[in-house]
Amino acid sequence: MDKHFLRNVSLFEGLNDVELEAIAELSFTRNFAKEGVIILAEEEGDTLFIIKEGQVKVSIVSEGGREVILSLLGPGAVFGELALLDGKPRSANVVATDETSLVMLRRSDFQQLVYKTPQIAMALLAELARRLRRTDRQIEGLALLDVASRISETLLQLATDQGKETAEGIAIESRPTHQELANMSGTTRETVSRVLKRLENQGYIACKGRKIVVLREEYRSRSTLT
């Protein structure tokens, strides 16, 4: 594993070359095809995953078979850390939504790294706190917001997580499907289609194939006028 990739992973920020080399020697890479299952909820877990290339979907499924997507993660994101910390079964399903390459660390190796390098533990706590706040926002949104607001909030979260700055605004290069957006927002695919069309007509977003641009204010007025 290339230490230069690890240097750009937030979990390992601040580590020196020697420490990064140690992690690189302990880690290994595995590739998953699109729709490949990486983790199943309730399975025993002993591996930490870091996305090198591609994207994964983290979700749970209700007893009635309804899927709720908790997050979509891209390069540099870390997942699977909870099972490493508490030794309990996995809490969610993780599936590759594109061809995906993952860097993996075994539990015993990761725990040794944490003991030797306290800043990894601090970075991990910060990541867990960020995810907890995000989950709180999702729960609050599902309870308090109307459906259009929930879809808008989901788009803004995607723009924050995956968006790239452009002249027009923040571009989500490969947006989720309408069904995936529905599963993230707690609504239906048909409702997502209607709300996206309305947001586009009102000039808040521009849809270009699989790309969505959350428009800057100066571009919103142009879009509305045209």
Side-chain angles (χ1 to χ4, degrees), residues 1-41 43-60 69-135 157-164 172-174 176 180 184:
M1 168 50 52
D2 187 351
K3 69 179 181 183
H4 298 294
F5 165 73
L6 295 174
R7 182 175 283 112
N8 294 320
V9 176
S10 60
L11 195 60
F12 304 132
E13 284 180 357
L15 300 190
N16 60 40
D17 284 347
V18 173
E19 292 164 335
L20 289 172
E21 286 282 5
I23 297 172
E25 290 177 4
L26 293 171
S27 63
F28 56 100
T29 303
R30 184 177 171 190
N31 297 321
F32 290 82
K34 184 176 180 179
E35 305 301 333
V37 176
I38 301 165
I39 289 175
L40 284 175
E43 278 187 337
E44 296 296 323
D46 69 344
T47 307
L48 173 78
F49 301 87
I50 307 165
I51 304 173
K52 186 176 182 182
E53 296 176 358
Q55 180 179 261
V56 305
K57 172 181 67 176
V58 183
S59 67
I60 56 176
I69 297 177
L70 303 177
S71 58
L72 295 171
L73 304 176
V78 176
F79 63 94
E81 71 284 347
L82 286 180
L84 269 65
L85 294 174
D86 61 15
K88 293 183 179 179
R90 302 293 191 181
S91 59
N93 303 304
V94 182
V95 174
T97 57
D98 293 313
E99 291 188 3
T100 299
S101 178
L102 299 176
V103 177
M104 302 163 66
L105 269 170
R106 296 295 184 194
R107 181 181 185 184
S108 57
D109 294 329
F110 179 73
Q111 288 180 334
Q112 287 183 25
L113 287 170
V114 170
Y115 293 143
K116 293 177 182 178
T117 315
Q119 55 260 53
I120 293 179
M122 294 302 296
L124 184 59
L125 287 173
E127 174 65 18
L128 292 174
R130 186 186 69 81
R131 292 187 189 180
L132 181 59
R133 285 195 296 270
R134 177 174 176 168
T135 301
Q157 187 62 59
L158 286 168
T160 299
D161 292 345
Q162 305 177 13
K164 297 181 180 179
I172 305 167
E173 293 291 342
S174 183
E180 287 171 334
M184 297 174 77

Less than 4.5 Å apart, side chain to side chain, heavy atoms only: is that true for Phe12 and Leu113? no

Taking salt bridge (Lys or Arg N to Asp or Glu O under 4.0 Å) as the test, write out the residues that go with Glu81, two or more places apart. Arg131

Looking only at heavy atoms, the pair that brings Ala96 and Ala33 closest together is CB-O, 3.5 Å

For the student: nearest non-hydrogen atoms of Ile172 and Ala159, plus distance: CD1-N, 3.9 Å

Hey, what do you get for CD (Glu21) to CG (Leu6), rounding to the nearest 0.5 Å? 9.5 Å

Partners meeting salt bridge (Lys or Arg N to Asp or Glu O under 4.0 Å) with Arg30 (sequence neighbours left out): none

Atom CD of residue position Gln111 - does it have more than 12 heavy atoms of other residues, nucleotides or ligands inside 6.0 Å? yes

With sequence neighbours excluded, what pairs up with Ser59 under the side chain to side chain donor-acceptor pair (under 3.5 Å) test? Glu67

Non-hydrogen side-chain atoms of Leu48 and Asp109 separated by less than 4.5 Å: no

Compare all side-chain heavy atoms of Met184 with those of Leu158 and state whether any distance is below 4.5 angstrom. yes

To the nearest 0.5 Å, tell me how far Ile38 CD1 sits from Ile51 CD1. 7.0 Å

Considering only heavy atoms from C-beta outward, does the side chain of Ile39 approach that of Phe49 to under 4.5 Å? yes

Nearest heavy-atom pair of Pro75 and Lys52: which atoms, and what distance? CB-O, 3.7 Å

Are Phe110 and Leu26 side-chain neighbours, meaning at least one heavy-atom pair lies under 4.5 Å? no

OG1 of Thr29 to CD1 of Ile50: how many Å apart, nearest 0.5 Å? 9.5 Å

With Phe32 via ring pair (Phe, Tyr, Trp, His ring centres under 6.0 Å) - residues at least two apart: none

Residues passing the side chain to side chain donor-acceptor pair (under 3.5 Å) test with Thr97, sequence neighbours excluded, are Gln55

Is it the case that the side chain of Glu25 and the backbone of Ala22 share a donor-acceptor pair, with hydrogens and angles ignored and the cut-off at 3.5 Å? no

If we only count heavy atoms from C-beta on, is the Val37 to Asn93 side-chain gap below 4.5 Å? no

Is a donor on one side and an acceptor on the other found under 3.5 Å between the side chain of Ser27 and the backbone of Ala24? yes

Distance check, rounded to the nearest 0.5 Å: Arg90 atom CZ versus Glu44 atom CD? 9.5 Å

Does the side chain of Thr117 reach to within under 4.5 Å of the side chain of Ile23, using non-hydrogen atoms? no

Pairwise distance CG(Leu70) to NZ(Lys57) - rounded to 0.5 angstrom: 11.0 Å

Sequence neighbours excluded, the answer for side chain to side chain donor-acceptor pair (under 3.5 Å) partners of Asn31 is Ser101

Report yes or no: does Asp46 contribute a side-chain atom to a donor-acceptor pair with the main-chain N or O of Arg106 at less than 3.5 Å? no

Can you see which heavy atom on Ser91 is nearest to which on Ile60, and at what distance? O-CG2, 3.8 Å

Short side-chain donor-acceptor distance under 3.5 Å, Arg107 and Thr47: no

To the nearest 0.5 Å, tell me how far Thr100 OG1 sits from Glu35 CD. 10.0 Å

